[in-house]
> 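Here's a structure for you.
Remember, predicted model here, so these are calculated numbers, not experimental data. Residue numbers start from 1 in every chain, and the chains themselves are labelled A, B, ... in the order their sequence lines are given, proteins ahead of strands.
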Protein chains: 2
Amino acid sequence: MPTTQTVPAQASGDNAVPPAPSRRELNKAATRQAITDAALHLLRSKGPGNFTVEDIAEAAAISRRTFFNYFSSTEAALAAVTHGFLDHALAQFRLRPAGEPILESARAALIQLADPMTVAPMAELYSLAQSNPQLNRSELEAWDHCTAEIIDAARERFARTPGAEFDELYLRALAGSLISCGKAAMDVWFARCGGSLTPESLSILRQLLIDAVGLLGSGFARPETPQASTTANNSTATPFADRL
Amino acid sequence: MPTTQTVPAQASGDNAVPPAPSRRELNKAATRQAITDAALHLLRSKGPGNFTVEDIAEAAAISRRTFFNYFSSTEAALAAVTHGFLDHALAQFRLRPAGEPILESARAALIQLADPMTVAPMAELYSLAQSNPQLNRSELEAWDHCTAEIIDAARERFARTPGAEFDELYLRALAGSLISCGKAAMDVWFARCGGSLTPESLSILRQLLIDAVGLLGSGFARPETPQASTTANNSTATPFADRL
DNA sequence: GTGCATATTTACACTCTGTGCAAGTTTGTG
DNA sequence: CACAAACTTGCACAGAGTGTAAATATGCAC
């Protein structure tokens with residue numbers, strides 16, 4: 001698809017210091033993007049399962065074979081969106097100071113996600129995946145992949161924190177539970193707001209994410225009077241905020 | 001595959017009261033079993049990805065088309081094993097008294113699983129899935145399906161317990177975290193024991209499952225001295241056993 | 001710029017998957 | 001037995017995914 005044309009390059013006098021992306025890499029990135037864009041458009045217009053790899057290739061102006069050089073399936077192409085979202089979350093996590101409790105780092109990373117630009121593509125895909133088994137499997141895979149990366153990140157952090165011994169079970173159970181709580185929050189958000197991107201809706205998502213991590217931190221203490229949970233967007237006051 | 005032959009029936013003078021399985025149902029169950037058996041054998045002998053649906057059909061003495069009447073893919077046929085395992089767990093969960101705390105019910109249900117007959121097929125599949133993306137996706141789907149069923153079971157339980165209000169977020173986050181902890185325990189068990197089915201190995205699995213749920217119940221309190229975790233099979237003495 | 005090594009795209013051929021359909025076969029029932 | 005419903009099977013077909021080799025684009029040295 002990228003025929004020989006002037007490369008978009010980096011705007012103008014930008015910071016071109018780090019890896020200096022070659023034309024090859026730019027082309028590849030552009031093609032990759034063209035594919036996922038085309039796939040997403042087709043998903044929207046024709047609905048899940050009603051278009052083929054050939055359709056995507058045609059829309060992205062590449063050959064069918066080239067599509068398979070980038071992605072192993074339609075679902076994989078679409079899952080790239082989710083991967084992007086989760087990679088973003090992971091990057092946020094890694095930015096947190098090493099001494100911080102993991103649950104607090106996770107909470108901080110998660111609330112960064114409830115922002116329109118980040119959550120929008122994810123939201124759309126997530127809702128479409130609800131009704132499509134094929135798509136849903138890829139989503140699950142993406143979340144699983146993210147879990148594995150959190151485990152790595154957390155293990156690395158433990159390795160760098162002098163005092164802390166670490167337990168593989170602890171690590172894996174915590175990482176998996178965190179992801180599950182993130183998913184639970186998204187699920188409830190969708191059920192409640194239908195993936196709307198209004199400020200109020202995003203505020204609810206943020207609160208749900210915080211609450212979910214809070215539940216985790218409190219060991220899922222039985223909510224005695226849980227009817228006052230997440231209906232209001234009253235900033236950061238969470239139940240179970242004792243230790244996280 | 002079940003040609004007209006004397007049905008195995010139910011041994012002899014057994015309890016044939018409940019639904020009186022018809023010949024049709026018996027045949028279907030037998031075919032289904034024949035398929036999963038054949039698939040499992042091929043998986044063992046040829047390795048993942050090195051056999052086709054046609055191979056399975058031939059081994060099960062049915063047509064390719066009939067295979068697809070039972071399962072939508074090779075992976076689905078193999079995932080039936082995992083589904084059986086998880087259904088077993090779920091049945092255990094549903095048997096627990098409604099008043100019991102959910103974490104305690106989960107703990108009780110999970111330790112029932114660490115029994116040779118139950119865990120053996122699962123163990124084999126689980127280890128094979130580690131190295132096979134296709135298979136792993138089906139496994140993820142099976143766990144996800146189980147999560148959904150736990151949510152249903154827990155919701156039902158809440159509905160029947162008069163005093164308890166329930167929170168959708170609480171439910172989903174808890175169910176997801178429970179499954180994640182189960183997976184984490186299995187992961188660690190495999191890493192440590194390689195899926196061995198000796199009594200010691202199973203004892204370790206049991207302890208890992210208990211510990212994982214314990215971690216969940218304690219809100220993943222930072223283990224200050226976690227080096228004495230699950231190396232011994234000292235019955236049910238767990239760290240973090242304060243409230244579960 | 002020319003030329004060459006390397007990376008990427010593409011066409012083509014091929015196997016395997018998954019599904020609709022219509023004709024056969026088996027099972028349940030009067 | 002006869003008939004209906006359920007189940008199996010063969011066939012045909014669209015689409016997925018992969019190996020291969022030829023064509024094209026890019027990077028780099030000169």
> Using modelled atom types and a 3.5 Å cut-off, is there a donor and acceptor pairing between side-chain atoms of A:S127 and backbone atoms of A:E124?
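Side chain of A:S127 to backbone of A:E124: a pair is present.
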> Starting from C1' on C:dT17, measure out to CZ on B:R137 and report it in whole angstrom.
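In whole Å, C:dT17 C1' lies 14 Å from B:R137 CZ.
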> Applying side-chain hydrogen bond (donor to acceptor under 3.5 Å, both in side chains), which residue pairs with at least one partner in residues 177-187 of chain B are found, sequence neighbours left out?
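Residue pairs with at least one partner in residues 177-187 of chain B: A:S180-B:S180, B:Y126-B:D187.
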> From CD1 of B:I56 over to P of C:dG18, roughly how many Å is that when rounded to an integer?
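Value for this atom pair: 10 Å.
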> Would the distance check show the side chain of A:D55 and the main-chain N or O of A:T52 forming a donor-acceptor pair, the cut-off being under 3.5 Å?
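Yes, A:D55 side chain to A:T52 backbone: donor-acceptor pair under 3.5 Å.
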> On the nucleotide D:dA25, are OP1 or OP2 found under 4.0 Å from the side-chain N or O atoms that A:N27 carries?
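It does not, given that no N or O in the side chain of A:N27 lies less than 4.0 Å from OP1 or OP2 of D:dA25.
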> Round to a whole Å and report the spacing from CZ of B:R32 to P of D:dT8.
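Result: 12 Å.
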> Check step by step if side chain to side chain contact (heavy atoms under 4.5 Å, CB included) holds for B:T74 and B:F51.
CA-CA 9 Å; B:T74 308; B:F51 57 97; 3.7 Å; yes
> Is there a residue in residues 64-80 of chain A whose heavy atoms reach under 4.0 Å of DNA chain D, and which residues are they?
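Here the set is A:R64, A:R65, A:F68, A:S72, A:S73.
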> Strictly distance-based, threshold 3.5 Å: is any side-chain N or O of A:S63 a donor or acceptor partner for the main-chain N or O of A:T66?
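Yes: the side chain of A:S63 pairs with the backbone of A:T66.
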> Separation of B:E54 atom CD from C:dT19 atom P, in whole Å?
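These atoms are roughly 17 Å apart.
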> Which distance, rounded to the nearest 0.5 Å, do you find between the CD1 of B:I56 and the CD of B:E58?
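It is 11.5 Å, given to the nearest 0.5 Å.
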> Less than 4.5 Å apart, any side-chain heavy atom of A:L202 and any of A:T198?
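Heavy-atom side-chain distance check fails, nothing below 4.5 Å.
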> Taking atom C1' of C:dT17 as reference, at what distance in whole Å does atom CG of B:D55 sit?
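Rounded to whole Å, this separation is 13 Å.
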> Report for the helix from C:dG1-D:dC30 to C:dG30-D:dC1: angle between first-end and last-end helix axes, five pairs each, rounded to 10 degrees.
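Answer rounded to 10°: the end axes differ by 20°.
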> Which distance, rounded to the nearest 0.5 Å, do you find between the OG1 of A:T118 and the CZ of A:F85?
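Separation between the atoms: 7.5 Å.
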> Examine the side chains of A:R94 and A:S105 and answer whether a donor and an acceptor come within less than 3.5 Å of each other.
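No, because no side-chain N or O of A:R94 sits under 3.5 Å from a partner of the opposite role on A:S105.
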> To the nearest Å, give me how far apart CG (B:L26) and P (D:dC7) are.
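Rounding to the nearest Å, CG of B:L26 and P of D:dC7 are 13 Å apart.
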> Between N or O atoms, less than 3.5 Å apart, protein on one side and nucleotides 27-30 of chain D on the other: list the pairs.
residue : atom : partner : partner atom : Å
D:dG27  : OP1  : A:R23   : N            : 2.8
D:dG27  : OP1  : A:R24   : N            : 3.2

> Any side-chain hydrogen bond (donor to acceptor under 3.5 Å, both in side chains) involving residues 141-155 of chain B? Give me the pairs, sequence neighbours left out, ordered by first then second residue.
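Passing the test, one end in residues 141-155 of chain B: A:R137-B:E141, B:D152-B:R155, B:R155-B:E168.
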> Give me the atom names and distance for the closest heavy-atom approach of B:T36 to B:A77.
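It is CG2-O, 3.4 Å.
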> Examine distances only and state if a side-chain atom of A:R64 and a backbone atom of A:E54 form a donor-acceptor pair shorter than 3.5 Å.
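Absent.
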> In Å, rounded to the nearest 0.5 Å, how long is the span from CZ of A:R172 to CE of B:M186?
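It is 12.0 Å, given to the nearest 0.5 Å.
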> Any residue in residues 35-53 of chain B with a heavy atom nearer than 4.0 angstrom to DNA chain D? Just list them by number, or reply none.
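Those residues: none at all.
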